[in-house]
Amino acid sequence: MQNALSLLNNLNPEQLRAVTFPNESALILAGAGSGKTRVLTTRIAWLLATGSVSPHAVLAVTFTNKAAKEMAHRLSTMVSANVKQMWLGTFHGLCCRFLRIHHRDAGLPENFRILDSADQLSVIKRLLKEWNIAESYIAPKALQGFINSHKENGLRANALTAKDEYHRHLIECFAHYDTRCRKEGVLDFAELLLRSYEVLQANEALRQHYQQRFRHILIDEFQDTNKLQYAWIKLLSAGGAAVFAVGDDDQSIYRFRGANVGNMSLLLKDFAICEPIKLEHNYRSHGIILKAANALISHNKNRLGKNLRTDSEDGEKIRFLSAENDYAESHFVIEEIQQLHRNGLNYNEIAVLYRNNAQSRILEQELFAQSIPYRIYGGLRFYERQEIKHALAYLRLAVNPQDNDAFLRIVNVPPRGIGAKTIENIQSYAVEEEISYFQAACQMAVRSPKIAAFINIIKELATQSAVLTLPEIVELAINNSQLIDYYQSQKTDQHERIDNLEELINAANAFRAEESGFMAVENPTPQAVLSVFLSNASLEAGEHQAGNNTDAVQLMTIHAAKGLEFDSVFLTGAEEGIFPSEYALAEKGGEEEERRLMYVAMTRAKKRLYISATLYRLLHGQSFYPVVSRFVEEIPDDFIHALSPIKHKEKERQLNDFIQNNHQNFDGFFIGENIRHEKFGTGVIINAIQKTDGSTNLLINFGSLGIKELNTHFAKDKLSKI
DNA sequence: TAGCCGATAGTTTTT
DNA sequence: CTATCGGCTA
């Protein structure tokens, strides 16, 4: 008991209340920087140390693999209980584990494969082609979104009713896609959850087993759960388990991906929780930053209500810069960074945040030019790189000859003379005979030495996979596929790609199947280990990035920054159209979601927060004169220190003067004239620049979308007079 | 079959 | 502007 009590040291009263809450369901409303992860981890440790529950009966769900690993690590230092007996992981990881154990009940092959988003998209493209549906009619991405969002809401094709012809086609494709995935023994991410849920629902014995087993279900980042995940938790906890959900409705920024903040109020109702426990003490940010963030988020209407407070001093005001253009903005950011670093701040205590990845380029150039070490998060992850996917596809096909997707990926990579025509033949033969592409190819290999060569590589790998260790078989796949030779001969990225392939062998060496949480049996065969390694790769986004320990400035999108904190934060591109993004604004509830994103960005900063906007930037090769973000206007003036005198109002006045003095005809248009654009809506022409070819570039103010520069020839049929 | 060129689109992202 | 993709030609 001494041990258990020491866990409670240094907790504040509200944290203490949450950690030692009785064995019943609770919702913890945990504000930014309020020690959310600590509370969740300590809660588990407390339950284990006091003997309230055995690790075997604990189910803990996190949002990322990284968070799960961190939690497992922290727990192992806090309690002596065998933490490995717990079910700890992401929703997807846990469902994968569940389906591995109960693959028969789920109607799955033992070595089922998980499709990541890119895999799923290529399956969809392949199928659309096979069904002779033009991609211009049904966009593959649109169908992917259609399928996933419905699955995330627990809906299959047969539960949908067609609203119109196009919708009916989407539903049909959805149904056919699912049929095909079943046949091929593959599951997309959403399917992992939906299938687990359906198995639990349909199989009473199984359901009762798990409902009895789990006594405590704990969920991190609860505001980011979707409908299906909520249903899954509800089903599993129906045997009387206590649900301990931790989240912050103000930091819900994944609605576009199916996250449903409404789950928080739903939980209160469904689990008869009288009142959420609020963690409102912020240990991260200086007073002004926090007050500014509170002021901003108070503009949102649908909140559960919570106000962060801090004991720390007010600190410095938020510095706001209105830069002339995007280069000037980067320049300013980098100069400030150098100054901070000269004053003794480590680079990795500095983050530069932006709304979209495209904004990172100019910053990167400038950082590179000034030889400041930096690290960009986002972009391609390790297991999403083509060279890695290619290498793994060899192994996947060796493990599972039914895997048509793996077959198509590598049948001619590196090029071995099996072109489109041959592949088409294999495909149509396979469809005719109702066999897999690989089997079809095997039968056709008798006549084609090229196909035979490919088949032999795969068969060799299949044979060896029964005897070799994981790193050995991975190495063999890389060697026999001759991928390294292939990348050597390529013009671009050779070194990076070859390095990555070598890194894959390292990853295989470091891989411990029993730690991945997917292993269902005690002494797995080499094939089983390989199979688990492969599915782990799909679920592992890749904390596999290099250069983790060097001192470098951190560049990332605001989304990627969630959960992190930095001494100094630069938020760039605070402009209407970029942040809030025009796409988001077009959606219902989009503005509030963008505001939450702003809230997340601001609350990342401990001591210093810089916000910058530009007066002019190039976007998609077009001139763009943005208006400063509404979110900046929503921060009370008292908290902002404006670094430059340039005001947007001033700029507007100049433009107005110009309009007054000009009545010239520009290629049929007048300054001050109202027009309508196909995409941007209505706007006012505020300036015109004549080109040598007789056309004119019109500066048009589209209101909240900002000012755009359009060419009269280029955009003629998109512009109409009102 | 493979490489090249022109057309086209162009948020946020973990699993 | 740039990355990606599909179609076309060598």
Side-chain angles (χ1 to χ4, degrees), chain A residues 61-68 89-96 114-122 125 129 134-136 139-141 145 148 151-152 187-193 221 224-226 228-229 252-259 326 353-359 361-362 377-381 383-384 386 412-424 450 489-492 535-543 556-563 573 577-587 590 593-594 596-598 600-601 617-624 679:
Chain A
V61 194
T62 60
F63 195 57
T64 63
N65 287 311
K66 195 177 158 199
T90 62
F91 277 104
H92 295 84
L94 293 168
C95 286
C96 179
I114 300 161
L115 301 176
D116 68 23
S117 323
D119 296 333
Q120 184 189 29
L121 192 64
S122 71
K125 282 185 180 167
K129 200 167 252 172
E135 292 192 359
S136 52
K141 279 220 175 108
N148 291 341
K151 284 190 180 180
E152 279 158 7
L187 290 88
D188 57 53
F189 285 141
E191 185 71 26
L192 280 170
L193 302 180
E221 307 279 11
D224 288 321
T225 52
N226 62 37
L228 180 56
Q229 289 164 340
S252 162
I253 53 174
Y254 286 105
R255 207 185 53 134
F256 67 93
R257 197 170 87 190
D326 37 7
L353 308 183
Y354 31 81
R355 177 64 235 270
N356 60 49
N357 284 308
Q359 289 171 253
R361 273 177 73 135
I362 296 179
Y377 290 78
L380 268 195
R381 288 163 176 67
Y383 285 107
E384 279 173 3
Q386 63 151 321
N412 200 33
V413 179
R416 48 173 72 86
I418 303 175
K421 195 76 204 156
T422 317
I423 294 173
E424 222 169 84
K450 286 173 182 168
S489 70
Q490 296 289 296
K491 284 180 199 122
T492 53
S535 56
N536 196 54
S538 305
L539 290 172
E540 184 86 40
E543 280 79 54
M556 65 191 89
T557 63
I558 304 165
H559 284 91
K562 202 179 82 164
I578 291 182
F579 191 22
S581 92
E582 52 179 296
Y583 294 92
L585 288 180
E587 277 174 43
E593 172 119 340
E594 293 285 293
R596 289 193 290 269
L597 197 53
M598 181 71 174
V600 169
R617 75 164 71 227
L618 273 173
L619 210 65
H620 308 325
Q622 269 194 333
S623 292
F624 182 60
K679 225 161 120 190

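Proteins get letters first, then strands, A, B, ... in listed order; numbering begins at 1 in each. Values in this document were obtained by computation on a predicted structure and should not be read as measured data.
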Asker: Between C:dG6 and B:dT11, how far is it from one C1' atom to the other, in whole Å?
Answerer: 24 Å

Asker: Quick check: on DNA chain B, is the nucleotide nearest A:Ala190 upstream (toward 5') of the one nearest A:Ile418, or the reverse? Name the residue that is more 5'.
Answerer: A:Ile418

Asker: Classify the nucleic acid contact of A:Phe91 as base, sugar-phosphate or nothing, counting any heavy atom under 4.0 Å across all strands shown.
Answerer: nothing

Asker: Does the salt bridge (charged side-chain N to carboxylate O under 4.0 Å, His left out) test come out yes or no for A:Glu594 and A:Arg355, once each step is laid out?
Answerer: CA-CA 10 Å; A:Glu594 293 285 293; A:Arg355 177 64 235 270; 2.7 Å; yes

Asker: Spell out, as yes or no, whether a donor-acceptor pair under 3.5 Å connects the side chain of A:Ser538 to the backbone of A:Ile114.
Answerer: yes

Asker: State which residues pass salt bridge (Lys or Arg N to Asp or Glu O under 4.0 Å) with A:Asp326; sequence neighbours excluded, sorted by chain then number.
Answerer: none

Asker: Tell me: CG of A:Asn65 to P of B:dT13, nearest whole Å?
Answerer: 17 Å

Asker: Verify the contact: side-chain N or O of A:Asn226 to OP1 or OP2 of B:dT15, cut-off strictly under 4.0 Å; return yes or no.
Answerer: no

Asker: Please enumerate all protein N or O atoms sitting under 3.5 Å from an N or O of nucleotides 6-12 of chain B, with distances to 0.1 Å.
Answerer:
unit_1	atom_1	unit_2	atom_2	d
B:dG10	N3	A:His620	ND1	3.4
B:dT12	OP1	A:Asn357	N	3.0
B:dT12	O4'	A:Arg355	NH2	2.9
B:dT12	N1	A:Arg355	NH2	3.4
B:dT12	O2	A:Arg355	NH2	2.4

Asker: Over all strands shown, is A:Asp224 touching base, sugar-phosphate only, or nothing at heavy-atom distances under 4.0 angstrom?
Answerer: nothing

Asker: With C1' as the reference atom in both, quote the distance from B:dT12 to C:dC5 in angstrom, rounded to an integer.
Answerer: 23 Å

Asker: Rounded to whole Å, how long is the line connecting atom NZ of A:Lys66 with atom P of B:dT15?
Answerer: 10 Å

Asker: Between A:His92 and A:Phe189, what is the ring plane arrangement, given parallel below 30°, perpendicular above 60°, and tilted in between?
Answerer: perpendicular

Asker: For A:Leu121 and B:dT15, give me the distance from atom CG to atom C1', rounded to whole Å.
Answerer: 16 Å

Asker: Nearest-nucleotide wise, let me know which of A:Ile423 and A:Ser117 is further upstream toward the 5' end of DNA chain B.
Answerer: A:Ile423

Asker: Under 30°, 30 to 60°, or over 60°: which ring-plane class applies to A:Phe63 and A:Tyr254, parallel, tilted or perpendicular?
Answerer: tilted

Asker: So, the side chain of A:Ser581 versus the backbone of A:Ile578: is there a donor-acceptor pair under 3.5 Å, distance only?
Answerer: no

Asker: Are A:Thr90 and A:Leu539 side-chain neighbours, meaning at least one heavy-atom pair lies under 4.5 Å?
Answerer: no

Asker: Please report, rounded to the nearest Å, how far the P atom of B:dT15 is from the CG atom of A:Asn536.
Answerer: 11 Å

Asker: Can you check whether A:Asp116 reaches A:Tyr383 side chain to side chain, under 4.5 Å on heavy atoms?
Answerer: no

Asker: Can you check the A:Leu619 CG to C:dC1 P distance for me, whole Å?
Answerer: 13 Å

Asker: Which parts of nucleotides 2-10 of chain C does protein reach within less than 4.0 Å, heavy atoms only, written one letter per nucleotide 5' to 3' as B for base, S for sugar-phosphate only and - for none?
Answerer: SS--S----

Asker: Can you check side-chain contact (heavy atoms from CB on, under 4.5 Å) on A:Asn356 and A:Gln359, steps first, answer last?
Answerer: CA-CA 6 Å; A:Asn356 60 49; A:Gln359 289 171 253; 3.4 Å; yes

Asker: Need one value for A:Thr422: base, sugar-phosphate or nothing, where a base atom within 4.0 Å counts as base even if backbone is also close, heavy atoms only.
Answerer: sugar-phosphate

